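On a predicted model such as this, the values are computed, not experimentally measured, just so you know. Remember, it's 1-based here, ligands and their atoms both numbered in the order they're listed.
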Amino acid sequence: MTTTRIAAIDVGNDSLKGVFGKLESEVNIPNVIARDIEDRPIIGIEELDAQSPLDGIHIRVHSPTLKDNNAIYRVGNLATKSTNSTELDPGSSKSEEDQTLVMLFASLALDAAGHEGFKKNNKVIEANYTLGTGLPLREVKEGKDVGYRSKLLGSVHQVEFLVTPQYQGVKVNIRFDEVKVYPEGFAAFINLVMDNNGNIINKELIDKRILIQDIGGLSTDIAVIKDRKVDDDKAQGFNLGVSESLELIREEIRSRHGVELDSRRDVVEIITKKSDRNHIMVKGSRTSVHDIVDRIMLELAKKQYRHLRNMWQKNSQTEICYFIGGGSSVLKEYIKTLNNNLDGYNIDFFEDEKESIWMMVHAYYKLISDYVRKSEKADKVKEEQKLAKSK
Ligand SMILES: Nc1ncnc2c1ncn2[C@@H]1O[C@H](COP(=O)(O)OP(=O)(O)OP(=O)(O)O)[C@@H](O)[C@H]1O
Ligand SMILES: [Mg+2]
């Protein structure tokens, strides 16, 4: 019997989120890659291995599914430091970009390298996964999930770690026993109504008509759920996320206060921290940036609210709208205030920002575990029937 490991992976435009096995490990990698155009400087092995593998993902990827086979990439944090790094273009198709696959394979290889259960010869790991993942509703509607799935299933994909802390020279051969590709909006709904054992946990919600507005880093998707299904025709996606607004805040802090923040992540930290929110230090003095943040975030919240209103008009029998995704955590208070002053829709947010951001991947995990459980059961029944016959 082969050992297969469960993997649930959400390749978000902003970051990849993955959970593995019996949920004992997870990864979060910024969705940024850079083709290696110059050699990564060789640093002393001790110095290198003192770092986390996550901060130095440097890999060669062999896979017939890639348009560019055998290319070398820096992935995640390491790529953000490169001058030629690429982020996904919101208008592109996730299922057709090498970037999606490179991210997916990198995250699996990282998990495999840190996992004891796979067969390993020298530095070659044979990794078998049962994968649950997703694509935007639009791509599933166009039928792209079918090709995406068969590309993954049909071949062996190899990730070779190059100058990566702790994993230098390790090669991981990735095979999939099964791949399920779920539509993103539907997955969020599943997470709301099902627990990790496949039981229904929210009987009241399951037959309601609901909207799910997922505000991510670069995009917003609104799913319409009716009769326990997503209504493909009604769902809508917009190329509007929270990243652009975070960038604007960062620029204005630089021009007004002369303070250079390293990344959008720093902006998120400033506007979400529990104590001293919306304050920065300028030359050692505590300084408020509340006005900058409020103006820019309110602007974005208004745009998001317009989309909500529009969707509600087209789906007048909606009972509730859930806001999920990282953007929803950042915009929560602004959208709530607008809603109180304007239409007063029945809307809900998730208190915990991690829950909001990991919603999709937890749903994939529930769905793929449920699938594994059911197919194991079916196998067992078949075994028993075989045994009974042979008696
Ligand atoms: N605690 C947090 N950790 C990370 N990002 C956060 C946090 N709180 C808010 N954010 C913001 O949420 C955004 C990421 O949201 P999310 O992970 O939902 O996007 P994504 O799924 O990767 O992108 P998309 O939905 O556009 O494909 C980031 O731009 C970040 O600024
Ligand atoms: Mg997302």
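Residues Met297 and Val242 form a side-chain contact, since some pair of their non-hydrogen atoms from C-beta on lies under 4.5 Å apart. By the 4.5 Å heavy-atom criterion applied to side chains, Arg256 and Asp291 are counted as neighbours. Taking 4.5 Å as the limit, some side-chain heavy atom of Ser155 sits within range of a side-chain heavy atom of Thr65.
The closest approach between Lys354 and ligand 1 stays at or above 4.0 Å for every heavy atom of the residue. Using a non-hydrogen distance threshold of 4.0 Å, Ser243 registers as a contact of ligand 1. Within the structure, ligand 1 lacks Arg264 among the residues with a heavy atom less than 4.0 angstrom away. Put simply, no part of Ser329 is less than 4.0 Å from ligand 1, judged by heavy atoms. A heavy-atom separation below 4.0 Å is not found between Met360 and ligand 1.
With Gly237, Gly326, Gly241 as candidates, the residue nearest to atom 10 (N) of ligand 1 on a non-hydrogen basis is Gly326. Within the set Asn31, Ile357, Asp221, the minimum heavy-atom distance to atom 7 (C) of ligand 1 is found for Ile357. When the heavy atoms of Asp352, Leu16, Asp214, Val268 are ranked by distance to atom 30 (C) of ligand 1, first place goes to Val268. Between Lys17, Met359, Lys94, it is Lys17 that holds the heavy atom closest to atom 21 (O) of ligand 1. Scanning Val11, Leu240, Val242, Ile215 for the heavy atom closest to atom 29 (O) of ligand 1 points to Val242.
If you check which protein heavy atom lies closest to atom 19 (O) of ligand 1, you get Gly217 N, 3.1 Å.
Residues Asn191 and Tyr365 bring no donor and acceptor atom of their side chains to less than 3.5 Å of each other. For the residue pair Asn340 and Lys336, no side-chain donor N or O sits within less than 3.5 Å of a side-chain acceptor on the partner.
At a 4.0 Å heavy-atom cut-off, ligand 1 touches Asp14 through backbone and side chain alike. Counting heavy atoms closer than 4.0 Å to ligand 1, residue Leu246 contributes side-chain atoms (C-beta onward) but none from N, CA, C or O.
Between Tyr364 and Tyr182, the angle of the ring planes stays under 30°, which puts this pair in the parallel group of the 30/60° scheme. Using a 30° and 60° split on the angle between ring planes, Tyr345 and Tyr305 fall in the tilted class, from 30° to 60°.
Any N or O atom pair closer than 3.5 Å counts here, and Arg265 shares at least one such pair with ligand 1. Between Val330 and ligand 1, a contact under 3.5 Å exists for no N or O pair.
With values rounded to the nearest 0.5 angstrom, Ser245 atom OG is found 10.5 Å from Arg264 atom CZ.
Using a distance-only test at 3.5 Å, with no hydrogens or angles considered, no donor-acceptor pair links the side chain of Ser356 to the main chain of Phe350.
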